[in-house]
Every structure is written in structure tokens, then in C-alpha cells.
Amino acid sequence: MNAHRNALLLFVALTACSTERYEGGFETSDLQARVFTPTGQPAVAARVWLVQSSGNTAPAQALDSAWTDSLGRVRFEVSKSIDRSRLGLDAKSDQWMGIAALSLAHSDSAHITLVETGLVSTLIDSSKVVPILFVPGSHFVSSLQPDGMVELALPMGAWTVAESRPSGITLAPQLRIDSTRIWIDSIPHPPKDTTNLPVGPNILLDAFLVDSIPMVLDTLRSLPPVGWTRETGRIYGCELIPSLAGNDSASPNYLVLETRHKQVGEGFDPSALQGASGIQSETLPDSGTLAIEMQYQGDPDLDSSLVRRLWMTDSFGNGFVANLVPSALFRTDSIGAVGAATFRSQLFTNSDTTALFQSTIWYFSWTPNAITIRTPQKLAGVISNAYGFHKFNFHLDVYSLSEGGTSQVRVLKTRLY
């Protein structure tokens, strides 16, 4: 009886001495994972890293890496001396990524579902030291791009992102990563030193103040809008034909918008005899400034029908429409609100002279509640919406008021701040 009691006490004592308990076979130092694509299929030939977290102070350390097999499986062997409470996984395949921080802390197996990626960015401050962006528990780190931005690619989702600078480490908890560029500090990202910024807007500058708000050039979308969507449909009796909006053969960085009589078999609307062209931007940030420089190809006095229509509306159709015509034709340029927006002030009247018509720059600054329209010479107007705007797009159309008008407008430059 005493022998049985002593053996039971010894078993209890040995069990109580254990301070950690892991599921599976850690005694074999054999760790495994399965990786899946966004559609739930095994991810073949995806690279997987076994990483050890450094907490919030630094990126994780990559201990080993391997590629998945035909079933999306990968296996690692580690020394028993490794602190397994800090182990996790990173994975990448083509445009997909996955992070499973600390996923092997209490298990010898884990799985990762890859998702599409987004970008987190920041800028170098006055210290000139390149900051480091990372997710605690992951070994993925940011890199310095040729345009001076610091970028970190992450799987889409909510992440805590750490920013390491000489002044210390700051955390941005639950930062929502999507298909748009996210700034670690704010959107749009302000420069660190705004004391000497000139008052703008100015299409020649990369940074300026607009209504006391710092604006910094978005270098990913600062080129002419050669990649903007070509529009289709009707506009005042003309049919928008995508082929009439194309690159300038002499200057490929310029975009040409044309209006002319439709050719036989061109377009889809037989009732529209005049062709027109238009472009539409991608969805714009919640606030910012767009500068656009245009040039008329020819003498506007010889074209009695050309109209340039600039319009900016949100997903509910609220915003503005500006119709620009040659002032020599005794017409008046007009800017007006559409949808539920209101036109707070009208300071722009018939100043689109021949010189301006031939080469003109327009600036559109917006917030979630207002759009301000400017030319280099003056404020053109302010559009407001008490209910707020939601997801802007900018459009530029070139069309003729009468059949047979033949005109071209070149878009020389667009810059987004």
C-alpha cells in the first residue's frame, strides 16, 4: 500500500515540475505548417520562414526557410534549446503574403492563409536616418524606395505596425491595410518640417500648404494619367469613344483627348454622329489636391464648338461640373454643384482667355466636406456638402457642341498631393 502511494506521489511531483505544455511532439523538435491560397487551395512552392519574435523592439529573426510541397506542407526541425514560446511563421507567394506571429508558441503545427498585399509607407525625417517599419512577430521589414519613400508590404487586414526611428519606437495598433497606400502617421502624410513650406498649390512643387494643410506629392500617381480609365457612354449628343483618348505619338508621356466626326462602324450608338473622349481617375484619397495641366492643340477661335468638361463627384454623384469654352465665342465658363452639394461661392467669371485656353492649369483641393477649385490666378469656387462626400473620382471630357468639330486637347501633367 505504501509503495503504491509513494509511486503516485512521485508521478504527481514529476507532473508538477513541468512549467510549459505543448500539444503534439515537440520532443522530436519537428514543426510543420500548411499554407493555403486565398481561395482555400494548397499553396504550392510558397516560401515559408520559421521566425522568432523579438517583441515590439525589432523585427523577428528568421531561423530557417523552406518551400511548400504539392499539398502546401512545409516542415522544420529546431533545436530543443530554442525558446518555442516566441516562434511563428511568415509566408509569401507571388503577390500574396501571410503572417502568423507566435503561431507555434504552444503547438507543433500551424496553418497560414495567404491574402493579397497592401503598402504601408512613411518618409525620412530631418535626421536623415531611414526608419524601419515592421509587424511585431514578423521578419518582413520595410525598404527605402528610389523616390525616397519607405515602404512595407503586408497582407491585407488589421495589423499593429511598429515604426523604429532614432527617437524610439512607436506603434500604430490595428492599422487597416487595404489595396490603397496607407501612411503610418496620417493621410495624406505631412512632412515632418512644415515651417518653411510655401503656400500653394503649385504644380511645379512637390510640397506646399493649401489652406494651412501640408500637401506632399504622391509619387506613385504623379505621372500623366496614361493609365486612367477611358470613358464610354454619351455626353450631350456625342458618344465617348475610348480610342479617341490615347498617348501622344510625339510625346508618349502626354495624353491626347480628341473630338471629331465618328467614322463608319465606330462606336455603339448610331444616333450619336460626333465622337468625344474622356478619362476617369482611380478612386482618390479622402483628402488631397489634384493639379492638372492641359494644352489646346490649335487656335480656339477657329473651333466654335469645343468644350472641356471637368467634373469631380463622389460615389453618390455629389460634387461639381466645370464647362470650359473659348471666351472669344461669347460664352461664359461655368462651374456648378451637382447632387446634394451646394455652391458656396462663385468668384470665377469668364476669365478663360485665349492664352489660358491654349495652356491652362487647374487645382482641385478636397476634404470629406468641401471641394475648392483654383486656377493660378484666382479662386474659382467652393463646393460643400453638409452630409459629407464619399470616395471621389475625377473626370475630364472633351466634346463638341456641334457635329463636325475637330479638336485635340493634350494633358501635359497631372500631380496628386
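Everything numeric in this text was worked out from a predicted model, so none of it was measured.
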Exercise for the section: Please indicate whether His111 has more than 12 foreign heavy atoms, meaning atoms of other residues, nucleotides or ligands, lying under 6.0 Å from its NE2. Expected result: no
Exercise for the section: Would you please test Leu104 and Leu50 for side-chain contact (heavy atoms from CB on, under 4.5 Å) and show each step? Expected result: CA-CA 9 Å; Leu104 295 172; Leu50 176 67; 3.6 Å; yes
Exercise for the section: For Thr229 and Glu231, test the side chains for any donor-to-acceptor distance below 3.5 angstrom and give the result as yes or no. Expected result: no
Practice task
Check whether any side-chain heavy atom of Pro285 sits under 4.5 Å from a side-chain heavy atom of Leu416, and report yes or no.
Solution key: yes
Completion exercise
d(Leu63 CG, Arg86 CZ) to nearest 0.5 Å is 9.0 Å
Handout entry: Lys92, NZ: over 12 other non-hydrogen atoms inside 6.0 angstrom
Key = no
Practice task
Check whether any side-chain heavy atom of Tyr236 sits under 4.5 Å from a side-chain heavy atom of Tyr399, and report yes or no.
Solution key: yes
Exercise for the section: Mind checking the CZ-CD1 spacing from Arg309 to Ile235? Nearest 0.5 Å is all I need. Expected result: 3.5 Å
Handout entry: Residue pair Asn393 / Thr283, side-chain heavy-atom distance below 4.5 Å
Key = yes
Completion exercise
Minimal heavy-atom distance between Ala341 and Ala337, with the atoms involved, is O-CB, 3.6 Å
Problem - side-chain contact (heavy atoms from CB on, under 4.5 Å) evaluation trace for Val135 with Phe140 - result: CA-CA 7 Å; Val135 169; Phe140 294 133; over 6 Å; no
Practice task
Please indicate whether Glu116 has more than 12 foreign heavy atoms, meaning atoms of other residues, nucleotides or ligands, lying under 6.0 Å from its CD.
Solution key: no
Exercise for the section: Could you verify whether a donor N or O on one side chain and an acceptor N or O on the other, from Ser287 and Thr367, lie under 3.5 Å apart? Expected result: no
Exercise for the section: Supply the atom-to-atom distance Met156 CE to Asp178 CG, rounded to the nearest 0.5 angstrom. Expected result: 6.5 Å
Practice task
Apply the test side-chain contact (heavy atoms from CB on, under 4.5 Å) to residues Tyr363 and Ile203: give CA-CA distance (whole Å), side-chain angles for both, the deciding distance (0.1 Å), then the verdict.
Solution key: CA-CA 8 Å; Tyr363 301 99; Ile203 197 171; 3.7 Å; yes
Practice task
May I have the step-by-step check of side-chain contact (heavy atoms from CB on, under 4.5 Å) for Arg47 and Val74, ending in yes or no?
Solution key: CA-CA 9 Å; Arg47 189 175 185 185; Val74 67; over 6 Å; no
Problem - Donor-acceptor under 3.5 Å (Thr117 side chain, Trp96 main chain) - result: no
Exercise for the section: Using a 4.5 Å cut-off on heavy atoms from C-beta on, say whether the side chain of Arg84 contacts that of Val78. Expected result: yes
Handout entry: Any donor-acceptor pair under 3.5 Å from Ser277 side chain to Glu258 backbone
Key = yes
Practice task
State, yes or no, whether a side-chain contact exists between Leu273 and His261 at a heavy-atom distance under 4.5 Å.
Solution key: yes
Practice task
Evaluate the side-chain proximity of Leu310 to Met294: yes if any heavy-atom separation is below 4.5 Å, no if none is.
Solution key: yes
Handout entry: Shortest non-hydrogen contact from Phe36 toward Gly40
Key = CD2-O, 3.6 Å
Practice task
Kindly indicate whether the side chain of Arg415, heavy atoms from C-beta on, has any atom under 4.5 Å from the side chain of Asp206.
Solution key: yes
Problem - Shortest non-hydrogen separation from Val150 to Pro131 and the atoms involved - result: CG1-O, 3.7 Å
Fill in the blank from the handout: Smallest heavy-atom separation, Leu114 atom then Ser93 atom, equals CD1-CB, 3.8 Å
Problem - Ser54 and Gln61 side chains, donor-acceptor separation under 3.5 Å - result: no
Completion exercise
Closest non-hydrogen atoms of Leu197 and Ala207, given as atom of the first, atom of the second and distance, are CD2-CB, 3.7 Å
Problem - Flag side-chain contact, heavy atom, 4.5 Å: Lys391 against Asp314 - result: no
Handout entry: Nearest-0.5 Å distance that lies between atom CD in Gln52 and atom CG in Leu102
Key = 10.5 Å
Fill in the blank from the handout: CG of Leu119 to CG of Leu133, rounded to nearest 0.5 Å, is 11.0 Å
Handout entry: Main-chain N/O of Leu71 paired with Arg34 side-chain donor or acceptor, under 3.5 Å
Key = yes
Exercise for the section: To the nearest 0.5 angstrom, please state how far the CZ atom of Arg234 sits from the CZ atom of Phe268. Expected result: 15.0 Å
Practice task
Taking all non-hydrogen atoms of both residues into account, name the closest pair between Cys238 and Ser400 and its distance.
Solution key: SG-O, 3.3 Å
Exercise for the section: Using modelled atom types only, decide if a donor and an acceptor are shared between the side chain of Lys262 and the backbone of Asp269 within a distance under 3.5 Å. Expected result: yes
Practice task
May I have the step-by-step check of side-chain hydrogen bond (donor to acceptor under 3.5 Å, both in side chains) for Gln274 and Thr259, ending in yes or no?
Solution key: CA-CA 7 Å; Gln274 182 72 16; Thr259 175; 3.1 Å; yes
Problem - Ring centres under 6.0 angstrom apart (Phe364, Phe320) - result: yes
